[in-house]
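Data block below; observations after.
All figures in this text were calculated on a predicted structure; none of them were measured in a lab. Along the sequence shown, the residues carry numbers beginning at 1.
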Amino acid sequence: MAYVIVVQGGDLQQKAVSEWMRDVPTDAPRGVIYDKNMQPLAATATKYTLYVRPSDVSDKPAVARLIADVFGYDYDATLEKISKRSSEVTVAKSVTKEQMMRVFDSGLKGIYYSEKNYRYYPYGDFMTQVLGFCSSDGYGQTGIEAYYDKYLVGVNGQILSESDLVGRAYSGAGSYYSPAVAGLNLVTTLDKNIQQIVDGAVQNAVAKFSPKGVYCIVMDYDTGGIVALSEYPSFDLNNVPRDNLEQLFLSSKSMAVSSVYEPGSTFKILTAASALDTGVVSVNDRFYCAGSRVVDGKKIRCWKSKGHGSIDFAEGVEQSCNCVFMDSALRLGTSTFYEYLRRFGLTAKTGIDMTGETSGIFIAENAVKTVDLARIGFGQAVAVTPIGLITATSSVVNGGKKVVPHLLDYLVSSSGDKISQDFAVSGERTISQSTSDTMRELLTRVVENGSGKGAYVPGYKIAGKTGTAQKYENGQIARGKYYSSFMGFSLTEGARYAVLFIVDEPKGYMYYGSLVAAPLVGDIFESTFAALGISPTYTGEEAELIGEPFSLPNFAGLTVSEAKREVAKLGLYCEIDGDGEKVSEQFPLAGVTVDKRNVVLLVTE
């Protein structure tokens, strides 16, 4: 007896209580996910399930009539159901609080309830890959829901009542309520209003270019806080397509975090910053572009097949000359260039608080040939994640500070206590402040005078770089398949945002980053400034940069050189598609009203 009482007593007491008591579980509310302005992005609502314990019911006809009236059930069928010889019968699911109160206000005995929480998303198809979704039992499966599941999930409670062997409650016996403990609330760096702006731009890209996919990230380049992240295709988080696992997997995975792509010319931002920071080039160094370079016996073309001629480094950045960036990479050398790539964080994961992140793919340093190094200089022979690229280039314009991209700002307990999380900018530096200042000016020139004109917004200072990269399939260039992108930075106080916009396989001639992505980034910046209430500051140069709107002439039939001269006279930037001598088509079409922000595409015969 001493052994049973002393040694086994605790365990036996617990088992005895479980035999004496009947329990009904109550779900713990999952924490709310908020944007930075405390707008709920994911929340929990409670519905109830009603039970009847036939052995506890003293007036079965009255209970049956009540349930039939409240829920619209058939009276006879309900009476038959609650009259069965069963310890417990479920009579209604997804019961609202109002319905439950009508039942319990009747005072009839033998009716019990349990709470069931369900997750809902106020905006439906919104931040799909970022927020993620939960399983049917309330645990996070993707996105923030999965990454911070241990904080969001609470501790379930229960309602206990004393009962006899067959489940009848003792007369006069008490009930015991163990309350559920709600999960922690998450306040993120996301901004619902800017996300809606970005979603609109993504849908515009889908409508105009019928692409395979579209990805856009907006990040505070000073702190690393993700402000918006939109991807196509996606789905309504309130209607998860669980019956189509292939679609579910493809649409719920964040391609901006878990996939890599060859960035093309947007990568030139990093080559230029590295070369300037080491001093192997200066802004005024001159280069000669004949349309190609021969490296290791292989001919590597500049995008401008007839060459840029003699240009300085600043002009090379503005005109995105491949030869300038090949020479810059070769001057850096493999060891130094790879050291800068490590500093920028491209050879490892960024550490963003999302599931499924991967790192960039680079040729092993000891295997890099001279021809490989030349190609890396202008964004070929490398593969990076979109989140990796925006993080690396952010340090180029923020003074050289390495940041950690993140979604969580802080946690809040159900009692309102704030629990801070540390995503502070690390002490590491990528480049010097002076190099960063120079790069800001060079990238501003790209938007004011070069291929990034489409992103220009009057009255605001914007910097950036376009990118048009061919895709590869089975080791070969896939004809007609491109990544069109633009990496833009607002240098305006109050909106220190980096925006990376990528269109995967736009259809038709309009595949240049200058024509596809840059104008969409300009739209995002313009709407963001308006949403934040940031007024433009005009200078005398603003009117000259934009000019008065005018009707675009017809360039068809002109030689390429003639058409380029005419376009230049109008103050416009142009892209050339094809190697023919004469222009056969143009975009925008002749007669369309444009200003100096427009980029003209000349298609040759």
Side-chain angles (χ1 to χ4, degrees), residues 14-30 43-120 133-141 153-183 238-240 242-243:
Q14 289 182 357
K15 291 178 181 179
V17 169
S18 68
E19 295 293 329
W20 301 337
M21 311 290 283
R22 294 190 62 111
D23 72 284
V24 177
T26 58
D27 284 356
R30 191 172 175 83
T44 298
T46 303
K47 287 191 176 180
Y48 304 87
T49 300
L50 284 186
Y51 304 91
V52 168
R53 294 177 185 161
S55 58
D56 289 350
V57 177
S58 57
D59 189 345
K60 288 185 173 61
V63 170
R65 174 60 60 194
L66 174 66
I67 292 170
D69 289 345
V70 172
F71 300 105
Y73 296 163
D74 179 76
Y75 167 76
D76 292 329
T78 304
L79 179 60
E80 180 182 356
K81 187 173 186 178
I82 67 172
S83 299
K84 292 178 179 179
R85 296 187 62 182
S86 176
S87 62
E88 194 168 81
V89 177
T90 301
V91 293
K93 294 181 178 180
S94 298
V95 177
T96 66
K97 189 171 184 179
E98 292 73 19
Q99 290 172 322
M100 186 186 72
M101 293 311 298
R102 283 181 61 189
V103 170
F104 281 92
D105 285 346
S106 70
L108 294 172
K109 296 181 179 181
I111 306 174
Y112 303 88
Y113 76 93
S114 68
E115 296 178 357
K116 181 67 176 177
N117 294 321
Y118 69 96
R119 200 66 160 165
Y120 75 96
F133 55 86
C134 295
S135 62
S136 57
D137 55 359
Y139 291 98
Q141 290 191 300
V153 71
V155 180
N156 291 339
Q158 56 185 174
I159 302 170
L160 300 170
S161 57
E162 295 181 57
S163 61
D164 62 14
L165 183 64
V166 294
R168 288 190 296 261
Y170 287 127
S171 177
S175 293
Y176 305 92
Y177 177 55
S178 175
V181 178
N238 294 314
N239 188 23
V240 179
R242 299 181 194 276
D243 55 343

>> Checking Tyr118 now: which residues fulfil side chain to side chain contact (heavy atoms under 4.5 Å, CB included) with it, not counting sequence neighbours?
In response: Ala45, Lys47, Tyr120
> Roughly how far, to the nearest 0.5 Å, is CD1 of Ile67 from CG of Leu79?
Replying inline: 10.0 Å
> So, does Thr44 use its side chain to make a donor-acceptor pair with the main chain of Arg30 at under 3.5 Å?
Replying inline: yes
> Can you name the closest pair of heavy atoms from Ser86 and Pro54 and give their distance?
Replying inline: O-CD, 3.3 Å
> Can you name the nearest heavy-atom pair linking Tyr73 to Ala92, along with the distance?
Replying inline: OH-CB, 3.6 Å
> Looking only at heavy atoms, what is the nearest atom pair of Gly138 and Cys134, with distance?
Replying inline: C-CB, 4.2 Å
> Which residues pass the side chain to side chain contact (heavy atoms under 4.5 Å, CB included) test with Thr49, sequence neighbours left out?
Replying inline: Tyr51, Thr90, Lys93, Ser114
> Is any side-chain heavy atom of Val57 less than 4.5 Å from a side-chain heavy atom of Val52?
Replying inline: yes
> From Phe104 CZ over to Lys97 NZ, what is the distance, rounded to the nearest 0.5 angstrom?
Replying inline: 12.5 Å
> Between atom CZ of Arg53 and atom CD1 of Ile82, what is the distance when rounded to the nearest 0.5 Å?
Replying inline: 14.5 Å
> Is any side-chain heavy atom of Tyr113 closer than 4.5 Å to a side-chain heavy atom of Val103?
Replying inline: no
>> Going by the rule side chain to side chain donor-acceptor pair (under 3.5 Å), which residues pair with Ser106 if we only count those two or more places apart in sequence or in a different chain?
In response: none
> Sequence neighbours excluded, which residues qualify as ring-ring contact (aromatic ring centres under 6.0 Å, His included) partners of Tyr139?
Replying inline: none
> What pair of heavy atoms forms the shortest contact from Val181 to Ala28, and how long is it?
Replying inline: O-CB, 3.3 Å
> Taking only residues two or more places apart in sequence or in another chain, which ones pass side chain to side chain contact (heavy atoms under 4.5 Å, CB included) with Arg102?
Replying inline: Val70
> Who are the side chain to side chain contact (heavy atoms under 4.5 Å, CB included) partners of Asp74, not counting sequence neighbours?
Replying inline: Asp76, Ala77
>> Determine whether Ile111 and Val63 satisfy the following criterion, side chain to side chain contact (heavy atoms under 4.5 Å, CB included), listing intermediate values before the conclusion.
In response: CA-CA 8 Å; Ile111 306 174; Val63 170; 4.0 Å; yes
>> Under the rule for side chain to side chain donor-acceptor pair (under 3.5 Å), what residues qualify as partners of Gln99, not counting sequence neighbours?
In response: Thr96
>> For a side chain to side chain contact (heavy atoms under 4.5 Å, CB included) check, start with the C-alpha distance between Leu50 and Phe71, then their side-chain angles and the critical distance, and finish with the verdict.
In response: CA-CA 11 Å; Leu50 284 186; Phe71 300 105; 3.5 Å; yes
